[in-house]
Amino acid sequence: MREDVPGRANVADTPELDAYYDEIAALDAGALWNVANIIEPWEPRSSSVPMLWPYRKLRAHVLRSLELVTPERAGRRVVYLANPGRRDVAAAVGSLYTGLQVMSPGESASAHRHSTSALRFIMEGSGAYTIVDGHKVTLGRNDFVITPNGAWHEHGVEAGGSVCIWQDGLDIPLVNALEANFFQVHPKLRQEVDHAVDDTSARYGGPGLRPSTGAWTKGYSPLLKYEWAATYAALCAAAAAGEGSACDGVMMQYVNPLTGGAVMQTIGAAMQRLAPGEHTQAHRHTGSAVYQVAKGAGFSVIGGRRLDWEERDIFCVPSWMYHEHGNAAADEDACLFQFNDLPVMHALGLYREEAHPDGRQR
Ligand code: 1HN
């Protein structure tokens, strides 16, 4: 449908023009005025739809994959989450991929590296670890670990641990859209751990402190793990001090401690806390986000659609869609983990944000 707006394409079909379109199509060319209003929308129109993936329905299927495939055969034993509008590129939303990976005690998945950037958020189980470029990182519930682009990484669960499930987040659809994705299996399938366990936390995890030795030139954070206990304590302390915004509640960005910038070049991450009964104001911005409910229960209104969530559920907010969050409990706070493509929006000068004119959606 052509809109009759000055400055926008509005050309009526004639037999002569139709013949002309056929002639240039035969030369693998086309008339811009026929597609201009589609390829230049007034504002972003996400092909992703707001989605909620309930953990209570997915969990049994994730566990069942333990009996069906081995990490050796599957490479990674993962159930990924597909947005109905983005199935062709295996995106959960926009240009972000997410999946649920499961591993039994004593299992491990071999080392590889790729151009995509990745993170994991631990959902349940004990004894999980990740090895990133020779640094072993131990992982517990609600801990968040990065496996940046180009870094060798492998995962496992210690023999004395329990079945572990974690959420993977990657920028696969973005890097594939840019046609820049390389993948390599480690020549020995396993890395040597050549640093003290959790050494990057010891080195870079101090409160507002950075070591005076060592140069770091990579584009991602030298701190690999962000632990839940310290994150939750920071959110609660900030809330008690009056920190917070109408649209986000108390929200803390996970950052590269050396720069204060995002943890990786293409993926940012944050944790937000909604006080008991809190219902935020709606806003929208460019960039997509995948959320995981780290604590509590509540609802979000996304693009006018209400999604009710409980702990461990995963949901998404597509680009430029209004969203607001509510904590349903009167006596418990709720915490939402998210990863997003905001570093890309900022780096490319594409970030825009606006509040909902009525405060909240209907
Ligand atoms: C990957 O490296 C992991 O390291 C998980 O656990 C999922 C999906 C596509 C490409 C690489 C992992 C992945 C992945």
Side-chain angles (χ1 to χ4, degrees), residues 53 58 61-63 65-66 68-83 86-125 127-139 143-158 161 163-191 193 220-221 224-225 263-267 269 290 292 314 316 337 339 341:
W53 289 275
L58 278 168
H61 296 285
V62 172
L63 291 173
S65 71
L66 286 169
L68 299 175
V69 293
T70 61
E72 287 75 26
R73 288 275 171 188
R76 295 291 190 262
R77 193 198 275 123
V78 179
V79 172
Y80 73 93
L81 307 183
N83 194 292
R86 297 286 283 163
R87 268 192 237 281
D88 51 336
V89 292
V93 63
S95 288
L96 298 170
Y97 158 101
T98 201
L100 300 178
Q101 185 162 172
V102 60
M103 222 175 254
S104 284
E107 282 187 333
S108 63
S110 57
H112 64 209
R113 65 180 179 185
H114 34 67
S115 314
T116 51
S117 296
L119 60 84
R120 345 233 87 87
F121 189 80
I122 311 305
M123 299 172 69
E124 59 175 271
Y129 65 86
T130 286
I131 306 171
V132 181
D133 275 344
H135 299 268
K136 181 169 179 176
V137 181
T138 60
L139 296 163
D143 287 352
F144 155 55
V145 61
I146 57 168
T147 57
N149 71 337
W152 295 112
H153 56 282
E154 65 197 80
H155 318 292
V157 175
E158 307 286 2
V163 169
C164 287
I165 301 178
W166 60 83
Q167 179 184 13
D168 296 320
L170 292 96
D171 56 2
I172 295 170
L174 172 71
V175 180
N176 283 340
L178 297 172
E179 301 179 342
N181 203 357
F182 292 87
F183 187 101
Q184 249 184 318
V185 175
H186 194 282
K188 294 185 184 159
L189 295 183
R190 297 279 181 267
Q191 302 168 75
V193 176
Y220 51 82
S221 170
L224 296 173
K225 172 171 65 166
V263 287
M264 295 185 284
Q265 284 159 301
T266 55
I267 305 181
V290 177
Q292 150 130 210
I314 294 172
C316 70
F337 170 79
F339 68 94
D341 59 5

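In listed order, ligands and their atoms are each counted from 1.
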**Request:** Output all residues satisfying side chain to side chain donor-acceptor pair (under 3.5 Å) with Asp143, sequence neighbours left out; order by chain, then residue number.
**Result:**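 Result, side chain to side chain donor-acceptor pair (under 3.5 Å) vs Asp143: none returned.
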
**Item:** Distance, nearest 0.5 Å, that separates CD of Glu154 from OH of Tyr129
**Value:**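 If we round to the nearest 0.5 Å, Glu154:CD and Tyr129:OH are 6.5 Å apart.
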
**Between CD on residue Gln167 and CZ on residue Phe337, distance to nearest 0.5 Å** =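 It is 6.5 Å, given to the nearest 0.5 Å.
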
For ligand 1, list all ligand N or O to protein N or O distances below 3.5 Å, rounded to 0.1 Å.
{"unit_1": "ligand 1", "atom_1": "2 (O)", "unit_2": "His112", "atom_2": "NE2", "d": "2.6"}
{"unit_1": "ligand 1", "atom_1": "2 (O)", "unit_2": "His114", "atom_2": "NE2", "d": "2.8"}
{"unit_1": "ligand 1", "atom_1": "2 (O)", "unit_2": "His153", "atom_2": "NE2", "d": "3.1"}
{"unit_1": "ligand 1", "atom_1": "4 (O)", "unit_2": "Arg76", "atom_2": "NE", "d": "2.9"}
{"unit_1": "ligand 1", "atom_1": "4 (O)", "unit_2": "Arg76", "atom_2": "NH2", "d": "3.3"}
{"unit_1": "ligand 1", "atom_1": "4 (O)", "unit_2": "His153", "atom_2": "NE2", "d": "3.1"}
{"unit_1": "ligand 1", "atom_1": "4 (O)", "unit_2": "His155", "atom_2": "NE2", "d": "2.8"}
{"unit_1": "ligand 1", "atom_1": "6 (O)", "unit_2": "Arg76", "atom_2": "NE", "d": "2.8"}
{"unit_1": "ligand 1", "atom_1": "6 (O)", "unit_2": "Gln101", "atom_2": "NE2", "d": "2.9"}
{"unit_1": "ligand 1", "atom_1": "6 (O)", "unit_2": "Arg120", "atom_2": "NH2", "d": "3.4"}
{"unit_1": "ligand 1", "atom_1": "6 (O)", "unit_2": "His155", "atom_2": "NE2", "d": "2.7"}

**Prompt:** When the aromatic ring centroids of His114 and Phe182 are compared, is their separation below 6.0 Å?
**Reply:**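 Here the rings of Phe182 and His114 have centres that are no less than 6.0 Å from each other.
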
**Message:** Could you check whether Asp171 and Thr266, counting side-chain N and O atoms only, form a donor-acceptor pair closer than 3.5 Å?
**Reply:**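 Asp171 and Thr266 do have a side-chain donor-acceptor pair below 3.5 Å.
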
**Item:** Closest non-hydrogen atom pair between Val157 and Ser104, with its separation
**Value:**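 Closest approach of Val157 to Ser104, heavy atoms only: CB-O, 3.6 Å.
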
